[in-house]
Amino acid sequence: MPRRFLVTAGLPYSNGRLHVGHVAGAYLPADIFARFQRARGNEVCFVCGSDDHGVASLMKAREEGVPVEELVGRYNRLQEEDFGGLGIEFDIYGGTHRPEFLETHTRFSQSMFRRVHDNGYFVKRTTKQLYDVEADQFLPDRYVEGTCPKCGNEDAHGDQCDNCGSTYDQIELENPRSTITGTTPELRETTHWHLSLDRFQEPLREWLETKREPHGDQPAWRPTVLNFVLGQIKGGLPERAMTRDLHWGIPVPLEDPDAEGKVMYVWFDAPIGYISFTAELMKRQGNEADYERWWKSEDSEIVHFIGEDNTVFHALVFPAMLMAEGTYQLPSQVVSNSYLNINFGGEEQKISKSRGNAVWVGEYLQDFDPDPLRYYLTAVAPETSRTAFDLADFVQRNNSELLGALGNFVNRVLTFTRRFFDGVVPPVGTRDEADAAQIAAIARAQTAIAENLDAHRYKAALGELMALSREANVYFNEKEPWALRKTDPEAAGTVLNVCVQTVWSLAVLMSPFLPFSAARIRTMLERPEGDWVWDSATEELPAGSPIGEPVLLFRQYELESEDDSAE
RNA sequence: GCCGGCGUAGCUCAGUUGGUAAGAGCGCAGGAUUCAUAACCCUGAGGUCGGUGGUUCAAUUCCACCCGCCGGCACCA
């Protein structure tokens, strides 16, 4: 009985290009998981898209002097391009404000909002907030500066003073000014709908506690995720406003006059994007209502891949929303990675645009192939703690591991076969103990990789793949087919037969991680194209199968001068 | 301050339920080989498993305390 996985990767803000940190955190492991489960014969729906309603996008559009729709549309496409270039293949890539998705997304978001409202989980509260008359909007803390009420620093932020470190409410700020227009904002009353997270503390806690151990077919959640959110619950969950006074977002669908001109909080509508994009995909396939098979059917497993900064929303707020709505099932798994830092100038730093240390996907792809990056980011994946991207390390691992161990084995086997065995798979002949051991190693690696991937241990799974290629190199060396072919050609043929089987297996087993290279091997072995089938890793190619012109899988990289290393 | 994570060979890190598991990869050194992208293969590191106590017949693996890094404690996502 095949399983069914609805896989999501955290929606990126459509206000910038993607860098390696984004990829390592959510998208690459999600893609590997989706590819793997598909190869296993499971049904997979892999959904992503951009989160277009972020305030950051609004600010950026204002900076650039372009309409925000234009800005998010542009980055939505650029991000989709970056993903495509890396072989991260979603079944659908939407956008919460992408024109073709807007109607569906609005409908789903408003429906969710209304149901949560009707079920009584919103609390309406009126508070005072700063209002920029000229910009005609209320000001989030980010948009206010002024004089710190504690220390007198004149450039204090709306909620916190960088000078003395104290925090306060924005209305306590002296001489407040809007960072949008520079004008002095006035105090106005505003009403918002708050989600009563406190009412879900106990249900959330009980639900999360069950994730400490494997449940059903799902492995336990990563302790870092559970520790963090259970800690939050222990400290008490606050009410959170789910509406905003902005002109950018999904309109609040209530009849209430106080709801006039308000939009949903971006984190309310963003996760609904996962659902609305799924619905849009189903609509294109014929029947929108099929989204329920993925989101409301208990035999569907929902797996969210996110960066650590999204943990609260995917493990607490969104589940609480779903509980409040009442008809959805909760996620089976939230796979959260830590941040990927970057080694830059001999120092480990956070990746940040302003520091100019980011390695951008788009720029990377101009000079390098996608698979080496997929390999490296998986090898150093921040699964349990923060790790760092290091260009020298990347080059090193590409050359010594990817090329030296894996690429070299494939290449030596195929060129050898072409040269000495007429370019076809030699007969099996009689396998001795060592030959059988090598064949057995394939099945062992296949199992080990599968177990690790099922458990979301990508780094370990990749390690098993590399271990197989190393074993294969050792086997080849010990058999010395270059000498054996002169004394016992038939035995040499047996060795190469085993080696070709191993090459094929490597292709199947690497396909979730290194899809481009796997496809190249498939071409060289003249196997039919199509979906990868995990079980075919142990299906042997018949003797006499042709072997095409060998193509190098990986290139040797050199570390160039530091300047262009990470621009 | 409170909460969480981390501290294992030169480097990057694995170590599941406590007892011949103190390991891998890389780097480095020596050797071997030629099928292969100066790739591959073999051998070598004697590392107080951050520190100090404790539990135990036995702890890197459990407990306490301490030291050192990192992160979270915002109407920020």
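Here is the naming used below: chain letters follow the sequence lines, and residue numbers restart at 1 for every chain. Below, all heavy atoms of this structure are taken into account, side chains as well, without hydrogens, waters or symmetry copies.
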Practice task
Using the P atom on both, measure B:C62 against B:U20 and round to a whole Å.
Solution key: 16 Å
Exercise for the section: With heavy atoms under 4.0 Å as the rule, sort A:Arg419 into base, sugar-phosphate or nothing. Expected result: sugar-phosphate
Exercise for the section: Give me the ring orientation class for A:Phe394 and A:Phe368: parallel if the planes are under 30° apart, tilted from 30 to 60°, perpendicular past 60°. Expected result: perpendicular
Handout entry: Check ion pair A:Arg457-A:Glu451 (N to O, under 4.0 angstrom)
Key = no
Practice task
Give A:Phe409 one of three labels, base, sugar-phosphate or nothing, depending on what nucleic acid heavy atoms sit under 4.0 Å from its own.
Solution key: nothing
Problem - From B:C41, B:A77, B:C13, nucleotide with atom closest to A:Asp309 side chain - result: B:A77
Fill in the blank from the handout: Considering only heavy side-chain atoms of A:Gln129, the closest of B:A77, B:C41, B:C75 is B:C75
Problem - Centroid distance under 5.5 Å and plane angle under 30°, A:Phe416 vs B:C35 - result: no
Exercise for the section: Looking only at side-chain atoms of A:Arg397, point me to the closest of B:C41, B:U37, B:U12. Expected result: B:U12
Handout entry: NZ/NE/NH1/NH2 to OD/OE distance under 4.0 Å, A:Lys479 and A:Asp432
Key = yes
Completion exercise
Assign each of A:Ala241 and A:Asp393 the nucleotide of RNA chain B bearing its closest heavy atom; nearer the 5' end lies the nucleotide of A:Asp393
Exercise for the section: Give one of base, sugar-phosphate or nothing for A:Thr415, where a contact means two heavy atoms less than 4.0 Å apart. Expected result: sugar-phosphate
Handout entry: Counter-base of B:C41, judged by Watson-Crick or G-U geometry with both distances under 3.5 Å
Key = B:G31
Completion exercise
RNA chain B nearest-nucleotide lookup for A:Val380 and A:Leu403: closer to the 5′ end is A:Val380
Completion exercise
From NZ of A:Lys124 across to P of B:C75 the rounded distance in Å is 22 Å
Practice task
Starting from the C-alpha separation in whole Å, work towards a yes-or-no answer on salt bridge (Lys or Arg N to Asp or Glu O under 4.0 Å) for A:Arg444 and A:Glu464.
Solution key: CA-CA 9 Å; A:Arg444 210 171 44 241; A:Glu464 295 290 348; over 6 Å; no
Practice task
Measure the distance from CZ on A:Arg485 to P on B:C35 and round it to the nearest whole Å.
Solution key: 7 Å
Problem - For B:U17, the Watson-Crick or wobble counterpart (both distances under 3.5 Å) - result: none
Problem - B:U56 to B:C69 separation - P atoms, rounded to the nearest Å - result: 35 Å
Problem - Short side-chain N/O contact to B:C73 OP1/OP2 from A:Gln232, under 4.0 Å - result: no
Exercise for the section: Assign the ring pair A:Phe200 / A:Tyr121 to parallel, tilted or perpendicular, where the plane angle (0 to 90°) is split at 30° and 60°. Expected result: tilted
Practice task
Measure from the side-chain heavy atoms of A:Trp267 and tell me the nearest of B:A14, B:A77, B:C42.
Solution key: B:A77
Problem - Paired nucleotide for B:C11 [Watson-Crick or G-U wobble; both distances under 3.5 Å] - result: B:G25
Handout entry: Distance below 4.0 Å between A:Asn411 side-chain N/O and B:A39 OP1 or OP2
Key = no
Problem - A:Val474 side chain, from C-beta outward: closest of B:U37, B:C41, B:C13 - result: B:C41
Practice task
Using only side-chain N and O atoms of A:Thr384, determine if any of them is under 4.0 Å from OP1 or OP2 of B:A14.
Solution key: yes
Handout entry: Whole-angstrom distance between B:A9 and B:G50, as gauged at atom C1'
Key = 15 Å
Problem - Integer angstrom distance from the P of B:U60 to that of B:C13 - result: 23 Å
Handout entry: B:A24 to B:C49 separation - C1' atoms, rounded to the nearest Å
Key = 15 Å
Problem - Span that lies between the C1' atom of B:G25 and that of B:G15, in whole angstrom - result: 15 Å
Practice task
Check every atom of B:C41, B:A36, B:A77 against the side chain of A:Asn473 and return the nucleotide holding the closest atom.
Solution key: B:C41
Practice task
Have a look at A:Gly231 and say if it touches a base, only the backbone sugar-phosphate, or nothing, with a 4.0 Å heavy-atom cut-off.
Solution key: nothing
Practice task
Assign A:Arg470 to base, sugar-phosphate, or nothing according to its heavy-atom contacts below 4.0 angstrom with the strands shown.
Solution key: sugar-phosphate
Handout entry: Sugar-phosphate only, base, or nothing, as touched by A:Leu553 at under 4.0 Å among non-hydrogen atoms
Key = base
Handout entry: Span that lies between the P atom of B:U8 and that of B:G44, in whole angstrom
Key = 24 Å
Handout entry: Paired nucleotide for B:C62 [Watson-Crick or G-U wobble; both distances under 3.5 Å]
Key = B:G54
Practice task
Over 60° means perpendicular and under 30° means parallel, so classify the ring planes of A:His456 and A:Tyr458, tilted if in between.
Solution key: tilted
Fill in the blank from the handout: In Watson-Crick or G-U wobble terms, with both distances under 3.5 Å, the base opposite B:G4 is B:C70
Problem - A:Tyr339 side chain near B:C70 phosphate (N/O to OP1/OP2, under 4.0 Å) - result: no
Practice task
Applying ring-ring contact (aromatic ring centres under 6.0 Å, His included) between A:His304 and each of A:Tyr274, A:Trp221, A:Phe313, report the one that passes.
Solution key: A:Tyr274
Problem - Nucleotide of B:G72, B:U37, B:U33 approaching A:Leu552 most closely (side-chain heavy atoms) - result: B:U37
Exercise for the section: Quote, to the nearest angstrom, the P distance that separates B:C65 from B:G23. Expected result: 32 Å
Problem - Shortest side-chain distance from A:Asn227, nucleotide among B:C13, B:A36, B:G5 - result: B:G5
Problem - A:Asp258 side chain vs A:His192 backbone, donor-acceptor pair below 3.5 Å - result: no
